[in-house]
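Input: a single structure, listed below in structure tokens.
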Amino acid sequence: MTAQFREKLIYEEQRLSMCTNPLGSYFAIGGDRPPFSCGCTALWRGYVGTWEIVDGRLYLVELHGELEDGRTASVATIFPDFPERVFAHWYSGTIRIPQGRMLEYVHMGYGSVYEQDLLLEINRGVLQRTHVHRNGQSQNDGPEGYEIGGMTVPAHGTQDRGDAP
Amino acid sequence: MIYFYWYLGVGTAVVTIMLAYARLARKDDDCSATSPALIERKSLERRFLNEAAILTTAVLFWPLVALLPVLDRHYRAESEDRNREFAVTRKDLQAALSIQEIEAREMVFDPLGAVPNVPFGHLNAEWVRFIEGVRTEDRLWSFSSHWTKCGHKRLLQGYVIVRGEEIGDYCLTVMKYIEDEASSGKVGRDRKIRTDLPAWLRRQAD
């Protein structure tokens, strides 16, 4: 497995990296999942969502992805009647926002460890409490923030589209 | 050299026991064992040489052969766990409710209007599909269950159809990963990194 691209979160006017996939819960509970195309091994879920917390409530505000038939996916693909903003009432769990320098790189999912994690506990789309979990202090002067080490992008052969070789 | 003879002796005993167990455990309707139509016709000499070669190899490498049933059991258990599906049990049931009571409970409100004004909000279609399967004699119950699969513990809540003594289809309202008690509280003292953040939270990704 490869380290995954993160979701994005707008929280307290900051754009943060979010190592949680609230849409995964939506699909698991019973929401219809469109046939996303997996463009690379660092994006198995096939989309990147942007979320926002407004007045303590979690919303999906953007989505970028591609479907298997080549069409672009957006929020409207999943929620056609709410293309601008979707209240994530289905989501209960903990949103993890890694902060600080990387302590340990793990090439799997969201496994990398950072100096601290900002944790937002959400119950049915409503923010319940926040707390910070400290993991340690980096001895290096590396960059701050979440990043992935590498990925594999499958080649798209011309034969797939019927083009002449 | 004596140790090598002991090694071969133990190996012979182990392989003999495993072969005897395999023959006893073989089912009567195992077609591959008896059907002449499925067995390739080889000369007696060739079959004897094949089996002698296999048995000799098994005796020489009997520790690895002895490990095979253990590994098989382990990976079969893992595979069964991966394929296990969630099912509501009697101990998960909480309260009997009518469809109207459930729909009143599950109306979702949002000040920004980012959710439809119907029961279960964005999951209304799933609810409609669920109640299409409800018969007049059925009862609906709310449920709450802790379920572990592939080492990840989840809280699952929702509503389930109870038909007489049988527990049937369910509709989820909450699916939440919860902390695994075994993986919390660990501190990596040997490495300067604290690892007491649960593994499910660190690796949570689709």
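First the proteins, then the strands, lettered A, B, ... as listed; each starts at 1.
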For the pair Tyr7(B) and Phe4(B), name the ring-plane relationship: parallel under 30°, tilted 30 to 60°, perpendicular over 60°.
parallel
Check each atom of Val54(A) against the heavy atoms of chain B and say whether the ones under 4.5 Å are side chain, backbone, both or neither.
side chain
Measure across Ala96(B) and Arg139(B) and return the closest heavy-atom pair with its distance rounded to 0.1 Å.
CB-NH2, 3.6 Å
For chain A, which residues of residues 116-128 of chain B have at least one non-hydrogen atom nearer than 4.5 Å to it?
Pro116(B), Phe120(B), Gly121(B), His122(B), Leu123(B), Glu126(B)
What closest approach, in Å, do Val48(A) and Arg6(A) show between heavy atoms, and which atom pair accounts for it?
CG1-O, 3.7 Å
Check the surroundings of atom CZ in Arg73(B): do more than 12 heavy atoms from other residues, nucleotides or ligands lie under 6.0 Å from it?
no
Residues 158-176 of chain B vs chain A, non-hydrogen distance cutoff under 4.5 Å, contacting residues -> Leu172(B), Thr173(B), Val174(B), Met175(B), Lys176(B)
Note: Val59(B) and Leu8(B) closest approach over all heavy atoms is CG1-O, 3.8 Å
Are there over 12 heavy-atom neighbours, none belonging to Glu84(A), within less than 6.0 Å of that residue's CD?
no
Is the shortest distance from a Lys or Arg side-chain nitrogen in Asp55(A) or Arg57(A) to a carboxylate oxygen in the other one below 4.0 Å?
no
Taking the six-membered ring for Trp, are the ring centroids of Tyr11(A) and Trp51(A) within less than 6.0 Å of each other?
no
Whether over 12 other heavy atoms sit under 6.0 Å from Phe86(B) CZ
yes
